[in-house]
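Single-structure report; data block below.
Just so it is clear: chains get the letters A, B, ... in the order the sequence lines come, proteins before strands, and each one is counted from 1.
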Amino acid sequence: MTDYLSRLNPEQREAVQAVDGPLLVLAGAGTGKTRVLTARFAHILLTNRAFPGQVLAVTFTNKAAREMRERVGAILGRPAEGLWLGTFHAICARMLRRHADLVGLTSSFNILDADDQLRLLKQVMEAARLDTKRWAPPALMAAIQRWKDRGLTPARVTPADDTDFANGRARELYAAYQDRLRTLNTADFGDLLLHMTEILRTRSDVLEQYHRSFRYILVDEYQDTNQVQYLWLRLLAQARRNICCVGDDDQSIYSWRGAEVENILRFEQDFPGARIVRLESNYRSTAPILATAAGLIAHNEGRLGKTLRPGLNDSTGEKVAVVALWDSDEEARMVGDRMETLARSGHTLAEMAVLVRAGFQTRAFEERLITLGLPYRVVGGLRFYERAEIRDAIAYMRILHQPADDLAFERIVNLPRRGIGEQALRGMHDIARAQAIPLAAAAAVMVEVGGLRGKAREAIATLLAGFVRWRESLPLRGHVETVAAMLDESGYTEMWRQDKSAEAPGRLENLKELVRALADFDTLAGFLDHVSLVMENEENVAADRVSLMTLHAAKGLEFDTVFLPGWEEGVFPNQRSMDESGLKGLEEERRLAYVGITRARRRAIISHAANRRIYANWQASIPSRFLDELPDEQVARSGSAALQRDRMIAAPGVFPGQFPMAARRPKVTEIWESPARAARADAIEVGSRVFHQKFGYGTVTGSDDDRLDVAFDTSGSKRVLDRFVERA
DNA sequence: AGTGGGACGCTTTTT
DNA sequence: GCGTCCCACT
């Protein structure tokens with residue numbers, strides 16, 4: 001038997017060799033999912049069933065794609081090239097470049113990041129004379145994204161899908177936003193899939209072309225696919241039906257982004273005759289860790305059902321620790337101390353991680369680690385390309401590449417300062433709209449007709465002449481040199497050199513790094529795609545550092561020691577998740593907990609604090625219900641018994657939000673009876689008398705959603721969040 | 001045109 | 001506690 005097959009267990013081998021026809025691989029955490037996927041990919045190639053370009057392999061993250069590429073290459077013994085392997089978004093972008101004209105774009109369209117999307121939408125809303133104070137652009141953005149997740153173009157949105165946002169104008173605004181994107185020759189993230197799916201749905205010739213070329217389809221993390229991704233896959237797979245989806249319904253944690261576990265639960269119906277292979281031997285974690293995770297996830301309903309078995313020989317291993325602490329400071333201290341102890345006994349820092357529910361929680365641990373002098377890294381913080389200087393530089397490149405990109409132009413027209421203020425910009429917009437030309441062209445008109453004077457006029461003329469020159473230079477001197485010249489000649493790098501702030505040198509360094517990275521690409525277009533779709537924090541991964549990250553970011557990773565702090569009601573499970581999605585939300589939180597525990601190879605330390613500092617003030621909290629769901633015999637509970645969950649639940653007079661112990665300790669500055677919860681429990685109706693911390697007493701005159709209009713006795717009429725008032 | 005102060009609103013997860 | 005937005009001042 002060939003090498004790559006002999007290293008697999010029987011189930012894994014089955015999943016690799018069942019090449020033809022639909023196959024669903026249910027792969028529990030740590031059961032060798034990636035190994036199966038890559039072996040299957042290599043198997044298809046090595047048995048000459050397809051050429052590299054005839055296999056489509058989609059992943060969810062760039063990291064997974066990279067890893068798959070490397071491992072396929074390793075099996076093949078040569079770099080894997082010419083593959084259709086990447087994230088849904090990257091692959092769709094690549095396809096869409098070929099067919100851009102079918103959706104009214106040109107193949108050089110730019111991809112907008114979240115920031116640009118929001119700015120554009122806000123402009124659209126303002127143009128529609130909507131009060132963006134009353135109707136928050138992010139809320140509409142979310143609605144639009146959900147539509148896109150479901151494969152709904154504006155034309156496909158039915159009244160039933162509509163929201164009551166802006167008095168039913170959401171659809172109209174969505175259409176206007178899409179028009180704007182098209183005019184600017186840009187696509188947002190969701191468009192990549194939406195447009196491509198729309199093309200495959202409506203153009204049978206294009207669909208057939210892909211049916212011919214893709215003989216086999218591999219899909220990673222199938223449980224995370226949303227509806228449009230599902231549609232896209234089904235369209236591509238429907239002719240040959242050689243589709244293999246790998247996933248784990250217990251690790252579905254992206255429903256808030258439109259992912260539908262139903263996709264995986266429904267696989268057999270979608271592809272009749274599908275084979276299902278379960279991978280249940282876990283090679284990652286100790287028996288107690290697996291049993292703890294299993295005990296927890298068993299509380300979820302509607303699972304496909306898998307039982308993780310310890311696949312490692314030694315089934316010993318320490319129990320999962322559950323530590324009760326007084327407050328979040330003490331919790332950070334506990335984590336830091338244990339890390340130090342482990343480090344002293346020879347454990348590397350890189351094998352330790354702190355996994356938190358929400359990004360802001362990392363801060364407390366960062367501070368502690370700084371005090372202790374333990375090096376750490378925050379995974380998934382600000383991405384490289386999200387930094388201001390990188391986005392600026394990219395905006396320059398985007399205009400160079402794609403002159404109609406008004407958003408990019410707007411971003412840099414006054415960077416460095418060129419004396420362009422609100423008025424000048426408004427003038428440009430007017431001309432652009434009147435003559436239906438891009439903003440940059442409008443600026444040129446303005447220079448000509450004398451709409452700008454003095455220094456501003458000169459500066460803009462220079463900038464525009466620069467773009468002409470740089471565009472000419474592109475084919476002659478190449479993109480690396482041209483971009484470097486552009487950043488210098490435009491005065492952009494000079495701007496940072498003049499900047500005396502502490503960050504400026506770092507920013508210049510980042511810019512250099514950006515130009516360096518440019519050299520890895522043949523074209524500017526290729527680089528821009530990479531930057532918006534792929535580029536991540538490229539920190540020295542080699543360094544021995546503790547990792548801090550969210551549970552979401554931890555999916556797919558593993559560490560010897562995993563700290564899971566903040567297991568408190570409201571934090572984890574997250575209150576908002578439960579408010580918005582009820583039981584479904586809670587189950588997703590539980591899956592998140594499951595993901596967290598199963599990241600640990602040898603040690604998992606779960607903790608919770610009775611008092612947590614959230615923003616400025618202290619809040620009492622009760623331990624997470626998940627702690628009750630962990631099997632007792634696998635868990636070692638420690639910390640003050642009085643702080644543990646069973647005691648607190650049993651204590652008389654306890655109701656959510658009130659903590660019996662808190663008052664006895666002086667550290668707590670605010671023992672509360674949250675007005676928030678009081679208000680949420682029963683809606684406040686119009687006409688009620690209410691009290692607001694800042695505005696005093698008043699009468700409710702109206703309400704919608706979580707807002708109240710209140711006529712305050714002394715401070716006038718205001719619109720306030722309902723959780724900031726209580727009944728008077 | 002650009003800067004700085006103050007009020008306000010909001011705090012999940014991200015390709 | 002932070003970022004954003006608005007406004008008033010230079």
Discussion item. When you measure only distances, ignoring hydrogens and angles, does the side chain of A:Arg576 come within 3.5 Å of the base of B:dT11 through a donor and an acceptor?
Written reply: no
Worksheet item: Ignoring hydrogens and angles, are the base of B:dT13 and the side chain of A:Trp256 linked by a donor-acceptor pair under 3.5 Å?
Response: yes
Can you check the [X] [atom1] to [N] [atom2] distance for me, whole Å?
X        : N      : atom1 : atom2 : result
A:Ile460 : B:dA1  : CD1   : C1'   : 14 Å
A:Trp567 : B:dT12 : CH2   : P     : 20 Å
A:Gln223 : B:dT13 : CD    : P     : 20 Å
A:Ile253 : B:dT12 : CD1   : P     : 16 Å
A:Asp188 : B:dT14 : CG    : C1'   : 14 Å
A:Leu355 : B:dT13 : CG    : P     : 14 Å
A:Asp191 : B:dT15 : CG    : P     : 18 Å
A:Lys148 : B:dT15 : NZ    : C1'   : 14 Å

Closest to side chain of [X], choosing from [options]:
X        : options                : value
A:Thr61  : B:dT13, B:dT15, B:dT14 : B:dT15
A:Arg357 : B:dT14, B:dT15, B:dT12 : B:dT12
A:Asn414 : B:dT15, B:dT12, B:dG2  : B:dG2

Practice prompt. Would you verify whether the NZ or CZ of A:Arg591 falls within 45 degrees of the ring axis of A:Tyr594 while also being under 6.0 Å from that six-membered ring's centre?
Written response: no
Worksheet item: Base, sugar-phosphate alone, or nothing: which one does A:Gly190 contact when heavy atoms must sit under 4.0 Å apart?
Response: nothing
Write down the protein N/O and nucleotide N/O pairs, taken from nucleotides 2-5 of chain C, whose separation is under 3.5 Å; answer none if there are no such pairs.
residue, atom, partner, partner atom, Å
C:dC2, OP1, A:Arg363, NH2, 3.2

Discussion item. Taking the P atom in each of B:dT13 and C:dT4, what is the distance between them to the nearest angstrom?
Written reply: 15 Å
Practice prompt. May I have the step-by-step check of side chain to side chain donor-acceptor pair (under 3.5 Å) for A:Glu260 and A:Gln223, ending in yes or no?
Written response: CA-CA 7 Å; A:Glu260 305 197 349; A:Gln223 76 285 348; over 6 Å; no
Discussion item. Once rounded to the nearest 0.5 Å, what's the spacing between atom OG of A:Ser490 and atom CZ of A:Arg418?
Written reply: 6.0 Å
Discussion item. With the criterion set at under 5.5 Å between ring centres and under 30 degrees between planes, would B:dT14 be stacked on A:Tyr254?
Written reply: no
Response to the item:
Heavy-atom nearest nucleotide on DNA chain B taken for A:Gln229 and for A:Arg417; more 5' hit belongs to A:Arg417
Response to the item:
residues 85-97 of chain A vs salt bridge (Lys or Arg N to Asp or Glu O under 4.0 Å), sequence neighbours excluded, gives A:Arg97-A:Asp529
Discussion item. Between A:Ser577 and A:Glu589, is there a side-chain donor-acceptor contact under 3.5 Å, judged purely by atom types and distance?
Written reply: yes
Discussion item. For the aromatic rings, using the six-membered ring if either is Trp, is the centroid distance between A:Tyr230 and A:Trp232 under 6.0 Å?
Written reply: no
Considering only distance and modelled atom types, tabulate donor-acceptor pairs under 3.5 Å from the side chains of residues 362-370 of chain A, sequence neighbours left out.
residue, atom, partner, partner atom, Å
A:Thr362, OG1, A:Gly359, O, 2.9
A:Glu366, OE1, A:Tyr376, OH, 2.8

Using a cut-off of less than 4.0 Å, is there contact between a side-chain N or O of [X] and OP1 or OP2 of [N]?
X        : N      : answer
A:Asn574 : B:dT11 : no
A:Thr550 : B:dT12 : no
A:Arg257 : B:dT15 : no

Item to complete: Pick out which of A:Arg357, A:Arg612, A:His608 makes a side-chain hydrogen bond (donor to acceptor under 3.5 Å, both in side chains) with A:Glu568.
Response: A:Arg612
